[in-house]
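A short write-up of the structure that comes next.
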Amino acid sequence: MIFNSLTFLLFFIVVFLIYWFPLKNTTRGQNIFLLLASYFFYGYADWKMLPLLIVATLIFYYLGKAIAGAKSEKQGYWFTFAGVALGVGTLLYFKYFNFFIESFASLFNAIGLHANLHTFNIIMPLGISFFTFRLLSYIIDIYRGKGQPTDDIIAFGTYVAFFPCILSGPIDRPAFIKQLQAKREFNYYQAVDGCRQILWGLFKKIVIADNCAIYVDNVWGNINGQNGSTLVIAAVLYLFQIYADFSGYSDMAIGVGKLIGFKIADNFKFPLFALNIADYWRRWHITLTSWLTDYVFMPLNIKFRDLGNFGMILSIVITFVLIGMWHGANWTFALFGLYHGLLYIPLILSGAFFKKAKLKTNRLGLPVAKDFGRMVLTFVLVVIGLILFRADSVGQAWEYVCGICDTTLVTKPSFYSITWLIPMLLWLPIMIIVEWRNRNRGHGLDIAHIGYKWQLIIYVLLTIVVFAFSATSEKFIYFQF
Amino acid sequence: MKRFFTQIAIYAGILLVLAIVFDWMISSGLKKTERGHFHTMNALMNDSINADVIILGSSRVAYGYDPYIIDSVLQCNSRNIGVSGQPFGVSCLRWRLYNRHNNPPKLIIVNCDFLEIGKMVENGFEREQFYPYMFESLVQPYLKDYGFTWVDKYVPLYRYHGDYKLMGIGLAEFFHIRHDHKGNPYKGYTPSYNEWSGGSLEMMIATDDLKGKADKQVVALLDSLVRNAISEGSKVVFVHAPYHSRLRDNLDETVTQAVYDSLANLYAIPYLDYTHMEICSDSTYFQDGCHLNFRGSSVFSLKLAQDLDSLKVIEK
């Protein structure tokens with residue numbers, strides 16, 4: 001069930017009431033209930049894969065104990081290796097098996113060898129990329145001595161299957177288990193902020209993202225029939241679509257978490273205002289980037305430290321190729337990752353990579369010209385990369401780029417109908433302005449500092465906008481990952 | 001917690017009041033509009049049409065039967081209440097709505113084709129026409145077939161969600177800011193000036209099941225309509241409007257034809273078949289395999305009116 005549905009609303013009302021009323025005074029009771037609710041939530045979306053989730057949870061729970069209780073460093077290492085191999089292997093099987101088969105077949109055919117390789121009808125479990133990473137960080141942290149295994153299997157199971165996050169993140173670290181083991185008191189301010197964040201997430205998802213999708217899908221469905229200017233607009237709108245879709249989902253997930261007393265990790269920090277590509281990735285899908293930074297980039301960087309800047313570049317490129325591939329089994333994702341990795345080269349060579357980009361504003365509260373230029377440049381670079389991300393194949397991405405680099409670039413774009421255009425012209429600038437104004441706060445609708453009456457007016461007006469301008473409910477983009 | 005629930009209650013309360021008020025305003029406004037398919041629906045619900053001739057059926061009626069031509073030949077007042085996207089069940093609804101507010105017509109023309117008496121399936125096509133009439137007793141049995149659920153019916157304003165244009169039209173009508181005639185058909189007739197689309201016909205032939213089907217429930221509705229109309233003094237005529245010959249030659253209308261023949265015999269109803277008119281092999285008279293364009297409907301409507309005149313089914 002998706003967050004923006006009546007089914008989820010009914011589900012969550014029941015969860016909220018039972019969680020905070022009859023189970024208020026029992027943390028264990030709350031955790032058991034959350035675990036059951038999470039399994040119900042997951043099973044509702046994909047009941048056939050629920051056993052996989054439960055079995056994986058049990059295996060990694062006991063693996064964690066085995067690693068901590070290992071008689072030697074070597075034994076601990078092999079337990080960890082086994083866990084990582086199992087987790088990564090499962091991910092590789094479900095996500096990438098057919099991709100590798102098809103790629104090998106293409107390669108053999110290209111060199112004149114006919115390979116009789118068969119793909120299987122493998123159905124990818126929902127959320128596998130997300131919960132696998134949670135499981136892996138648990139055992140790796142134990143091995144590294146950064147965490148202790150928990151004896152509380154209920155808390156551990158809930159950490160893995162936590163329903164606000166299981167389908168599309170954020171990817172919380174094992175420290176989240178401490179929140180599950182601590183007593184939770186209802187906090188009015190946290191709950192109200194959670195509601196605000198849910199409302200903002202809804203606005204981004206069903207007004208901005210779903211309306212952008214109407215245009216973007218139309219254009220991508222017929223690339224050859226479009227002029228260059230239309231392709232440019234669709235490419236730009238796709239960035240807004242994917243940002244609003246994914247950050248909207250994350251906002252809703254975090255908001256739901258706040259309502260039941262949890263602090264879930266932030267996943268987006270206004271990446272549209274990034275000053276360079278490194279800054280962008282510090283703001284975009286933060287939990288994935290930080291996960292791969294801690295578990296891939298840092299070990300690689302240490303391994304290649306003797307190679308100086310080249311070693312760092314190599315570590316970053318490998319990490320970003322993996323970030324790309326995490327999104328799916330297609331060469332487009334690998335190239336997407338490679339593209340972003342290569343964009344780091346100028347930053348590393350100039351030393352800018354090591355400095356945190358600081359945005360300067362003028363007395364009107366707008367970015368100074370130099371920083372605005374950097375924002376625009378970063379924006380353009382990201383838009384270009386997303387062409388690869390959106391394309392079904394490298395060939396299609398190339399076709400798209402060729403379509404842009406055409407004399408029709410300077411012709412009038414097609415807008416199809418005004419049904420989606422009016423919401424875009426009205427609400428997309430509003431989203432950008434609101435997020436700009438609140439860029440130093442927790443989320444776009446973090447308006448606790450303004451008067452109560454004005455807050456209420458804003459909530460009611462925003463709800464009306466969400467109601468009136470929602471496009472047909474599209475699935476969340478990141479569900480497919 | 002109490003404070004939280006109080007705030008939620010205030011917020012929800014404001015939204016509920018606004019939803020009820022806006023639902024009433026928008027629905028009231030939409031009941032006045034003459035835009036598109038609201039035109040006929042509103043006329044049926046609100047006005048006294050009191051037509052001499054009623055033409056009912058699917059989109060083939062809406063696009064194909066020109067009341068202007070029929071009126072001028074038969075010297076009468078005819079009304080086209082054809083409805084797109086649904087088989088006969090919804091045509092029957094329109095007939096019932098007409099019948100409730102108006103005097104029985106002298107003549108009812110019932111369009112026949114291979115899709116008219118098929119099973120009603122939920123497709124939600126042009127469902128907006130029912131938005132202002134969710135609690136209308138005659139409409140309610142059909143709501144499920146249009147994909148409406150209890151939420152659409154009982155939660156104020158919910159059915160309008162995402163349709164800001166429609167809400168705007170309703171509010172503009174309510175406040176007398178703008179009266180909308182866009183897409184207003186002439187007495188229910190929507191002339192089409194579209195060019196011939198052969199691609200859709202070929203796709204239809206390649207992919208669709210072109211065997212006419214008769215659903216028992218829908219046939220019972222048709223039987224009931226004909227019987228009641230005759231008992232109220234109206235004459236009934238079955239008319240099989242033209243198809244493009246390429247479609248006609250690929251259709252299997254055995255089942256549906258048997259139903260129409262049976263009813264025609266039972267109630268002594270004239271059956272006028274125009275599926276072999278000369279225009280059927282000329283795509284310049286059609287917009288697609290099933291639907292006449294303006295040129296085609298003019299030719300067909302004139303022929304039909306002349307035939308009805310010679311049958312003397314209606315007194316001038």
Side-chain angles (χ1 to χ4, degrees), chain A residues 4-7 9-10 13 16-17 19-21 24 185-196 198-199 202 206-207 210-211 214 258-261 417-424 426-427 448 452-453 455-474, chain B residues 1-27 29-30 35-36 122-128 131 147-172 174 180 182-183 199:
Chain A
N4 53 310
S5 67
L6 278 176
T7 317
L9 177 64
L10 290 169
I13 288 172
F16 182 86
L17 291 172
Y19 182 85
W20 285 121
F21 284 97
K24 190 172 73 164
E185 298 283 350
F186 182 80
N187 182 311
Y188 167 80
Y189 297 101
Q190 187 182 31
V192 170
D193 193 49
C195 290
R196 276 190 218 112
I198 290 169
L199 182 57
L202 271 174
I206 65 180
V207 176
D210 289 352
N211 276 297
I214 296 170
K258 284 178 180 173
L259 277 166
I260 48 177
S417 77
I418 61 165
T419 311
W420 72 271
L421 182 63
I422 288 174
M424 286 300 98
L426 273 174
W427 307 120
Y452 170 72
K453 270 187 212 157
Q455 285 186 46
L456 193 55
I457 290 169
I458 288 170
Y459 302 151
V460 169
L461 286 177
L462 192 58
T463 307
I464 291 170
V465 168
V466 167
F467 180 83
F469 291 91
S470 58
T472 314
S473 198
E474 305 270 337
Chain B
M1 183 71 85
K2 192 176 162 193
R3 190 179 166 196
F4 177 73
F5 279 124
T6 307
Q7 298 302 314
I8 294 288
I10 293 170
Y11 167 72
I14 293 171
L15 288 177
L16 183 62
V17 168
L18 288 173
I20 292 169
V21 169
F22 274 98
D23 190 317
W24 170 70
M25 289 198 295
I26 292 166
S27 298
L30 287 176
R35 183 186 174 94
E122 183 215 296
N123 67 16
F125 189 72
E126 292 183 358
R127 67 204 294 260
E128 316 81 61
Y131 286 179
F148 289 106
T149 64
W150 67 268
V151 178
D152 294 302
K153 198 172 160 194
Y154 293 110
V155 177
L157 209 63
Y158 182 79
R159 60 198 179 284
Y160 291 104
H161 85 273
D163 205 338
Y164 67 91
K165 276 172 75 177
L166 193 64
M167 288 194 264
I169 290 166
L171 289 171
F174 182 82
D180 204 332
K182 191 176 174 185

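Chain A is the first sequence line, chain B the second, and so forth, proteins listed ahead of strands; every chain is numbered from 1.
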Minimum side-chain heavy-atom gap A:F467-B:L18 below 4.5 Å: no
Go through the atoms of B:M1 and report whether side chain, backbone, both or neither lie under 4.5 Å from a heavy atom of chain A. both
Side chain, backbone, both or neither: which part of A:L259 has an atom under 4.5 Å from a heavy atom of chain B? side chain
Heavy-atom contact with chain B under 4.5 Å, split by part of A:F186: side chain
Non-hydrogen atoms of chain A under 4.5 Å away: do they reach the side chain of B:L157, the backbone, both or neither? both
Tell me, side chain or backbone of B:F22 under 4.5 Å from chain A's heavy atoms, or both, or neither? neither
Would you indicate whether the side-chain heavy atoms of B:E128 and B:L30 approach each other to under 4.5 Å? no
Between A:V192 and B:F4, is there a side-chain heavy-atom distance shorter than 4.5 Å? yes
For residues B:K153 and B:F148, determine if any side-chain heavy atom of one lies less than 4.5 Å from a side-chain heavy atom of the other. no
Heavy atoms only: give me the nearest A:L17-B:F5 pair and the separation to one decimal. CD2-CZ, 4.0 Å
